[in-house]
Amino acid sequence: MIRITRGYSLGNPSDAAMFEDRKRLFVDLMRWDVPVVDGRFEIDQFDGADATYIVAHGAEARKVAGLHHGSMRLLPTTAPHILGDLFPELAEGAVPRGDDVAEITRLCLPTRLGASERTSVRNRLISAMVDHALENGIRVLTGVVRPAFCETVLVLGWRAAALGPVQIIGGQSLAAFRVEIDTETPELLDATGIYVEGLLAEARRAAAA
């Protein structure tokens, strides 16, 4: 199932499991230098009431135990966010900001899932994100990623472009991207086998349960 929420609560088992998996992936495996709360949860300064969380759990990964099977975070660009406040030099020209611009961050696909399962969950998260964006007037998505993943983002099928050249910042190679979202985006992603229909209705059912 897909769940979409504004803000989070560590008292919610699904939220807690998401932050635990973020710690396992980004801190334990990838060695990111980011905050860890209570030794268990990767929670940074951008997590909070303004962040939107798109979380996959349950039905789409039935073969895998646990509450959390993948997630991503959307940040409003009218507030502090990673590209605008930490890495603005990655964008040639002005950093995209506005009520219709959101930043994609913290795509987390736990390594306990097999490769095909991670791809399936990723596709569902992307599809739900696109539908959420269209429903909420978001027309541009941005993000800061490693160069290899930036290349993946650019060839998923949607209209996307790098915001500037790859740069080495703090000893790591980083790139920024921009994705245009419009009514043709689901069809473009469907053509590459990524788009899954009906996920917002699924999220509403999950919220009402």
Side-chain angles (χ1 to χ4, degrees), residues 4 6 22 25-26 30-35 42-48 50-54 70-109 118-119 121-195:
I4 302 176
R6 286 285 296 273
R22 278 175 38 172
L25 179 63
F26 300 126
M30 300 178 69
R31 301 298 181 185
W32 286 12
D33 182 17
V34 292
E42 188 273 298
I43 300 175
D44 72 5
Q45 68 267 39
F46 303 109
D47 288 303
D50 289 336
T52 296
Y53 299 90
I54 303 174
S71 56
M72 62 171 59
R73 180 181 68 182
L74 294 180
L75 298 176
T77 58
T78 52
H81 62 289
I82 291 172
L83 177 61
D85 290 74
L86 299 184
F87 304 110
E89 62 268 42
L90 290 174
E92 290 189 324
V95 171
R97 297 178 188 264
D99 291 332
D100 61 348
V101 183
E103 182 181 60
I104 310 168
T105 68
R106 291 304 197 267
L107 173 62
C108 179
L109 300 170
R118 288 197 301 273
T119 298
V121 172
R122 181 206 69 179
N123 290 351
R124 291 174 66 83
L125 291 171
I126 289 173
S127 301
M129 176 185 65
V130 167
D131 288 347
H132 172 81
L134 288 170
E135 188 170 89
N136 289 274
I138 297 171
R139 297 293 175 254
V140 175
L141 297 169
T142 61
V144 174
V145 291
R146 296 295 177 89
F149 190 63
C150 187
E151 292 177 8
T152 298
V153 170
L154 298 182
V155 299
L156 289 178
W158 49 19
R159 297 185 180 96
L163 282 170
V166 173
Q167 296 191 43
I168 298 176
I169 302 174
Q172 59 182 342
S173 295
L174 295 172
F177 63 83
R178 172 189 179 111
V179 176
E180 307 293 333
I181 300 294
D182 58 34
T183 55
E184 295 182 350
T185 305
E187 183 179 352
L188 294 172
L189 292 174
D190 186 58
T192 56
I194 290 171
Y195 185 70

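Just so it is clear, the values below take in all heavy atoms, side chains as well, and ignore hydrogens, waters and symmetry mates. Position 1 is the first residue of the sequence; numbering continues from there.
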Can you give me every donor-acceptor pair (side chain of residues 149-157, partner residue at least two apart or in another chain, under 3.5 Å) with its distance?
{"residue": "Thr152", "atom": "OG1", "partner": "Ala148", "partner atom": "O", "Å": "3.4"}

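- Shown are Leu75, Leu74, Ile82; of these, the side-chain contact (heavy atoms from CB on, under 4.5 Å) with Arg106 is made only by Ile82.
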### Message
The test is side chain to side chain contact (heavy atoms under 4.5 Å, CB included); show your working for Thr105 and Met72 and say whether it passes.
### Response
CA-CA 6 Å; Thr105 68; Met72 62 171 59; over 6 Å; no

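- Annotation: salt bridge (Lys or Arg N to Asp or Glu O under 4.0 Å) contacts involving residues 77-86, sequence neighbours excluded, are absent.
- With sequence neighbours left out, the side chain to side chain donor-acceptor pair (under 3.5 Å) criterion links Asn136 to His132.
- Counting all heavy atoms, side chain and backbone alike, Arg6 lies closest to Thr52 at CD-OG1, 2.9 Å.
- The shortest non-hydrogen separation linking Asp47 to Glu42 is OD2-O, 4.2 Å.
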Throw together a table of side-chain donor-acceptor distances under 3.5 angstrom for residues 91-100, partners on residues two or more places apart or in other chains.
{"residue": "Arg97", "atom": "NH2", "partner": "Gly84", "partner atom": "O", "Å": "3.3"}

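- Annotation: the span from Thr78 atom OG1 to Asp50 atom CG amounts to 7.5 Å, rounded to 0.5 Å.
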#### Entry: Stepwise side chain to side chain contact (heavy atoms under 4.5 Å, CB included) test for Cys108 and Phe26
CA-CA 8 Å; Cys108 179; Phe26 300 126; 4.2 Å; yes

Exercise answer: donor-acceptor pairs, residues 162-181 side-chain atoms, under 3.5 Å, sequence neighbours excluded:
{"residue": "Gln167", "atom": "NE2", "partner": "Glu89", "partner atom": "O", "Å": "2.7"}
{"residue": "Gln172", "atom": "OE1", "partner": "Arg146", "partner atom": "NE", "Å": "3.4"}
{"residue": "Gln172", "atom": "OE1", "partner": "Arg146", "partner atom": "NH2", "Å": "2.8"}
{"residue": "Arg178", "atom": "NE", "partner": "Glu180", "partner atom": "OE2", "Å": "2.4"}
{"residue": "Arg178", "atom": "NH2", "partner": "Glu180", "partner atom": "OE2", "Å": "3.3"}

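- Residue Leu134 holds its CG atom at 10.5 Å from CE of Met129, rounded to the nearest 0.5 Å.
- Expressed to the nearest 0.5 Å, how far CD1 of Ile138 lies from CG of Leu141 amounts to 6.5 Å.
- A salt bridge links Asp44 and Arg73; the closest N-O separation between the charged side-chain nitrogens and carboxylate oxygens is under 4.0 Å.
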#### Entry: Stepwise side chain to side chain contact (heavy atoms under 4.5 Å, CB included) test for Arg139 and Asp182
CA-CA 6 Å; Arg139 297 293 175 254; Asp182 58 34; 5.6 Å; no

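- Atoms CG and OG, on Leu25 and Ser71 in that order, are 9.5 Å from each other to the nearest 0.5 Å.
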### Message
Could you walk me through whether Ile126 and Trp158 satisfy the side chain to side chain contact (heavy atoms under 4.5 Å, CB included) test, starting with their C-alpha distance in whole Å, then the side-chain angles of each, then the deciding distance to 0.1 Å, before giving a yes or no?
### Response
CA-CA 11 Å; Ile126 289 173; Trp158 49 19; 3.9 Å; yes

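- Residues satisfying the side chain to side chain donor-acceptor pair (under 3.5 Å) criterion with Thr77, sequence neighbours excluded, are absent altogether.
- Leu83 and Glu103 make their closest contact through N-OE2, 2.6 Å (heavy atoms, listed as atom of the first residue, atom of the second, distance).
- Leu125 CG to Leu109 CG: the interatomic distance, rounded to the nearest 0.5 Å, is 6.5 Å.
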